[in-house]
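Quick notes on the structure that follows.
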There are 2 protein chains.
Amino acid sequence: MPSKNKELITELLKSSKLSITETRVKILELFLKSNGALEHADFEKLSGKSFDRVTIYRTLQTFLDKGIVHKIPTTDTSVRYAICRSECREHEHHDHHVHFRCEECGSTQCLEETDIPVLSLPKGYDVRNVEVVVSGVCKACH
Amino acid sequence: MPSKNKELITELLKSSKLSITETRVKILELFLKSNGALEHADFEKLSGKSFDRVTIYRTLQTFLDKGIVHKIPTTDTSVRYAICRSECREHEHHDHHVHFRCEECGSTQCLEETDIPVLSLPKGYDVRNVEVVVSGVCKACH
DNA sequence: AATAAATTGCAACTGTGTTGCAAAAGTATA
DNA sequence: TATACTTTTGCAACACAGTTGCAATTTATT
């Protein structure tokens, strides 16, 4: 139901006090379509190169600022983004779930149902956020 | 005791079947000196720009391949390296400890004594490696 | 000390992300 | 719905990170 997604996207943008533009709608559509994390290059590919690199960078930054998406840690220079299903507010991102990176297909998924465990750090460390990135073989590639 | 470090470094390189060069020794010295993670720019600064960018890239890649250092996941485009105190073998890195990123001083430390917890992922996921990156305020900045 | 093998430095290149500014699109108002 | 105002977009240019090929240097071997 694409029309339902459009409504959802419109609401999402409105509630974040962002104007509704073609680029923003399209990028959010791509996020909703793919259930994994996306990186910058994906948007250029998936959108059919219809909009400028710079616009994509700025749109993703805007979404980050508004708490619509969050970044996922990687060990290379790529930056991966995933849509926040919940919990994220403006300038305050808490991704209290595990991220999974498949070594076969290369996709990164948010495991919403898997809570991050409680850690006991040495004395003197003040914990604000915990990121867990698991790598291995995903459901589909198994 | 710098002479003791030199011996240690020589042994480390020999056991990895790497020839002992000025660059490699100096980079390993920097790793042993700093008890946190380093990124490429740090080596240029700390070494006093005495060697080429390309050499640093290649040296770090060699150390990665041999399991002497490992990468730490980040949410930006920077790549952070830490020396492996144990457990890492050639082409097989298992960093079974937590990494801590201080939001005040910007340093990244390996918390060797803090084991990563056991996770229960949904069925169908084959776990090979788990990375835990905690951010907050470190001991020194507290 | 001489030779073979590996490493380094240089130059050039690719790719990623940023900034300023003018044109275009979106929003609000009458 | 036409108008003025604001925001966003696209372009050009730039800055910086990381890579590759090759010749010169350094390290290991005999």
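Order of the sequence lines sets the chain letters (A, B, ...), proteins ahead of strands, with each chain counted from 1. Computed over heavy atoms, backbone and side chain alike; hydrogens, waters and symmetry mates excluded.
Overall, the helix from C:dA1-D:dT30 to C:dA30-D:dT1 carries an axis bend of 40° between its ends, with five pairs at each end and the value rounded to 10°.
Contact detail for B:Cys110 and B:His70: the closest heavy-atom pair is SG-NE2, 4.2 Å. Across B:Ile83 and B:Leu28, no two heavy atoms sit closer than the pair CD1-CD2, 4.2 Å. Closest approach of A:Arg53 and A:His40 over heavy atoms only: O-NE2, 3.5 Å.
Put simply, CG on B:Asp52 is 12 Å from C1' on D:dT19, counting in whole angstrom units. If you measure from atom CG of A:Asp76 to atom P of D:dA17, you get 16 Å, rounded to the nearest angstrom. Rounded to whole Å, the distance from CD on A:Gln61 to C1' on C:dT16 is 15 Å. Between the CD1 atom of B:Ile56 and the P atom of D:dG18 there is a distance of 11 Å, rounded to whole Å. Between the C1' atom of C:dA28 and the CG atom of A:Leu18 lies a distance of 17 Å, rounded to the nearest Å. Atom C1' of nucleotide D:dA17 and atom CZ of B:Phe43 are separated by 15 Å, given to the nearest angstrom. Rounded to whole Å, atom P of C:dA24 lies 16 Å from atom CZ of A:Arg58. Separating the CD1 atom of A:Ile20 from the P atom of C:dT27 is a distance of 6 Å, rounded to the nearest angstrom.
Ranked by how close their nearest DNA chain D nucleotide is to the 5' end, B:Glu22 and A:Lys17 are led by A:Lys17. Each of A:Val54 and A:Ser19 lies near DNA chain C, and the nucleotide nearest A:Val54 is the one positioned closer to the 5' end.
Linking ILVMFWY residues whenever their side-chain heavy atoms come closer than 4.5 Å, directly or via other members, leaves B:Leu121 and A:Val137 in distinct clusters.
Residue B:Ser78 is out of contact with every strand shown, counting any heavy-atom pair closer than 4.0 Å. Residue A:Arg53 is in base contact, counting any heavy-atom pair closer than 4.0 Å across all strands shown. Among the protein residues, B:Arg24 comes within range of the sugar-phosphate backbone only, with heavy atoms under 4.0 Å from sugar or phosphate atoms but none that close to a base.
Under 4.0 angstrom from either OP1 or OP2 of D:dA17 there lies no side-chain N or O belonging to A:Thr77.
No donor-acceptor pair under 3.5 Å is formed between the side chain of A:Arg80 and the backbone N or O of A:Lys71.
Residues A:Glu44 and A:Ile56 form a side-chain contact, since some pair of their non-hydrogen atoms from C-beta on lies under 4.5 Å apart.
Counting only heavy atoms from C-beta on, B:Thr21 has its side chain closest to C:dT7 among C:dT7, C:dT16, D:dG10.
With ring centers used as reference points, A:Phe31 lies under 6.0 Å from A:Phe43.
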